[in-house]
Amino acid sequence: MRLTLTHTILIAMLIAILFGSISNLYFGDTSFILFFIGLSDAIGRIFLACLQLVVVPLVLVSILNAVINTHAGSSLGVIGFRSIFGYLLTTVFAISIGLLIANIFQPGIGSTLALDIPTVEVAETPNVIDVVVGFFPTNPFRALIDGNMIQVIILALIFGLAIRSIAVKVDTWIRYIDQGNTIMFEIVDRIIRISPIGVFALIFETFATEGFGIFLPLIDYFFIVILALLIHASVTYSLLLMLFGISPIKYFKNMQEPIFFAFSTASSAATIPVTLKALNEKCGIDRAISSFVIPIGATINMDGTAIMQGVAAVFISNLYGIDLVLMDYVMIVFTATLASIGTASVPSAGLIMLTIVLNQVGLPIEGIGLIIGVDRILDMVRTSINISGDGVISCIIAKLDGSFNRDRFLGSN
Ligand code: ASP
């Protein structure tokens, strides 16, 4: 069997998990292992920097390109509306699954966890009006420098529409934008080619530093979050895809690379370039669609994060012996869905937003101090779910738009 790049990335991940765990268990703080952890940390951060470096210019030029030469049947407004609706809907499903599974298994009931807890600060609850106003950039350079995805999308829309309306006068710009797009995807290609090394470094460092001791008291919470994440991927996403005549098995196969990237980086934003590439080349999604739907999704769609927040709320309520009533659950669904919009697509952001959810239903936010230890690994898994959800909605929108390329979807492997 020929070893594809995807196989190599998978092997790098598995070896990193194995070596990282063995190092942690048996060689903990020997200087030899500490040296390798330091080295992996440096390599991992450089790899991440390469990915992050390309995100903003890639999103900017690919949206410009899409607006200028839009082949999509649906108008951009319809695509935007459908994606936001789809994202919110799947997040509501996600959090409900999280709450349901947590209620069945009741993690933390009768726990002997010592409640000596660090202080945690509550994140500020986003004001919906301010959030919406904040989508509009006042300074194009600041939007790009801050890497504020929604602002970059709006910037690209404004410039793209202007360029399109005076196309004959600015044909040189149009050529540059098109070529800029090609350059960006070439860079992404090259980063993916060296990714087994970067993925190995990121995962080795995580597993070599995360002690196993930390997992044991939280084992029920940890596995219940994982179970709920898997149920959401295999039930909600699969049913949604099947509803639109798309094979879920093939979908997840085509999306392996971004899923592995999300797992190793724990950042939906850093994974955007790889998600865009897989959707276009393997899932047959027109770039005119994915270049909108994916950056919006990476910003507002956090199904995995919402699931973690639901399970964490039940876990913390059990630990403190605080009963949640039906109204609390409704509040959790509502707040976690809104909080997911405000959650930055970077590692651990979901944990910070969990403070809002807990605060809303009167649970002690200090409870977060208890789950922080296992959060990094959970973050890796939930980020994979977050980006899978972005891809599902992109496929559905392409299908509705009539631009879904079934042959490319089925023909790839
Ligand atoms: N790391 C997640 C993401 O980038 C966000 C979170 O749940 O912390 O999608």
Side-chain angles (χ1 to χ4, degrees), residues 44-45 47-49 51-52 55-56 59 83 87-88 90-91 94-95 97-98 120 123 126 146-150 199 202-203 205-206 210 221-222 224-226 228-230 232-233 237 255 257-276 278 293-313 315 332 335-358 365 368-369 371-394:
R45 281 195 286 156
F47 174 65
L48 213 53
L51 267 175
Q52 285 163 333
V55 173
V56 171
V59 170
S83 44
Y87 286 147
L88 292 182
T90 52
T91 305
I95 175 99
I97 289 177
V120 181
D146 291 348
N148 182 322
M149 256 335 126
I150 304 279
V199 164
L202 285 169
I203 296 186
E205 197 257 335
T206 308
E210 300 280 324
Y221 164 73
F222 182 84
I224 289 167
V225 176
I226 300 278
L229 290 171
L230 293 178
H232 185 60
Y237 292 159
M255 288 291 282
E257 268 174 25
I259 289 173
F260 295 161
F261 268 70
F263 183 79
S264 17
T265 60
S267 168
S268 315
T271 311
I272 288 176
V274 191
T275 314
L276 285 177
V293 183
I294 290 304
I296 297 178
T299 315
I300 71 166
N301 187 44
M302 308 252 166
D303 294 354
T305 307
I307 287 175
M308 174 279 284
Q309 293 178 339
V311 179
F315 179 60
I332 293 175
T335 341
T337 307
L338 281 188
S340 73
I341 300 178
T343 308
S345 27
V346 294
S348 292
L351 209 55
I352 298 162
M353 298 311 270
L354 177 60
T355 56
I356 298 176
V357 177
L358 296 181
I365 50 158
I368 289 179
I371 53 174
I372 227 163
V374 292
D375 195 64
R376 175 67 195 190
I377 312 266
L378 286 180
D379 197 1
M380 296 160 88
V381 185
R382 70 179 181 250
T383 307
S384 307
I385 300 294
N386 288 349
I387 68 103
S388 304
D390 300 345
V392 167
I393 297 295
S394 302

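As a basis for the values below, the full set of heavy atoms in this structure was taken, side chains included, without hydrogen atoms, waters or symmetry mates. Counting starts at 1 for both ligands and their atoms, in listed order.
- Legend: residues meeting side chain to side chain contact (heavy atoms under 4.5 Å, CB included) with Ala266, ordered by chain and number and at least two apart, are Pro347, Arg376, Asp379, Met380, Thr383.
- How far CE of Met149 is from CD1 of Ile296: 11.5 Å, rounded to the nearest 0.5 Å.
- Listed by number with element, the atoms of ligand 1 under 4.0 angstrom from any heavy atom of Ser268 are 3 (C), 4 (O), 9 (O).
- Counting the atoms of ligand 1 from 1 in the order shown, those under 4.0 Å from a heavy atom of Thr305 are 5 (C), 6 (C), 7 (O).
- For Thr305, the side-chain hydrogen bond (donor to acceptor under 3.5 Å, both in side chains) partners are Asn386, not counting sequence neighbours.
- In this structure, OG on Ser384 lies 10.5 Å from CE on Met255, to the nearest 0.5 angstrom.
- Residue Ala266 approaches ligand 1 through these ligand atoms, each under 4.0 Å from one of its heavy atoms: 1 (N), 4 (O).
- Heavy-atom proximity to Ser348, at under 4.0 Å, picks out these atoms of ligand 1: 8 (O).
- The residue from Leu229, Thr91, Ile224 that alone fulfils the side chain to side chain contact (heavy atoms under 4.5 Å, CB included) condition with Ile307 is Leu229.
- For ligand 1, the atoms closer than 4.0 angstrom to any heavy atom of Ala349 are 8 (O).
- Against a heavy-atom cut-off of under 4.0 Å, Ser267 is close to the following atoms of ligand 1: 4 (O).
- The distance from the CD1 atom of Ile377 to the CZ atom of Phe263 is 6.5 Å, given to the nearest 0.5 Å.
- Ligand 1 places these atoms under 4.0 Å from at least one heavy atom of Asp379: 1 (N), 2 (C), 6 (C), 7 (O), 8 (O).
- Residue Arg382 touches ligand 1 through its side chain alone, judged by heavy-atom distances below 4.0 Å.
- Considering backbone and side-chain atoms together, Gly350 places an N or O closer than 3.5 Å to an N or O of ligand 1.
- Close approach to Asn386 involves these atoms of ligand 1, each under 4.0 Å from a residue heavy atom: 2 (C), 3 (C), 9 (O).
- Counting only heavy atoms of the protein, atom 2 (C) of ligand 1 lies nearest to Thr383 OG1, 3.3 Å.
- No donor-acceptor distance shorter than 3.5 angstrom exists from the side chain of Tyr237 to the backbone of Thr90, with no hydrogens or angles considered.
- How far OG of Ser83 is from CG of Asp390: 10.0 Å, rounded to the nearest 0.5 Å.
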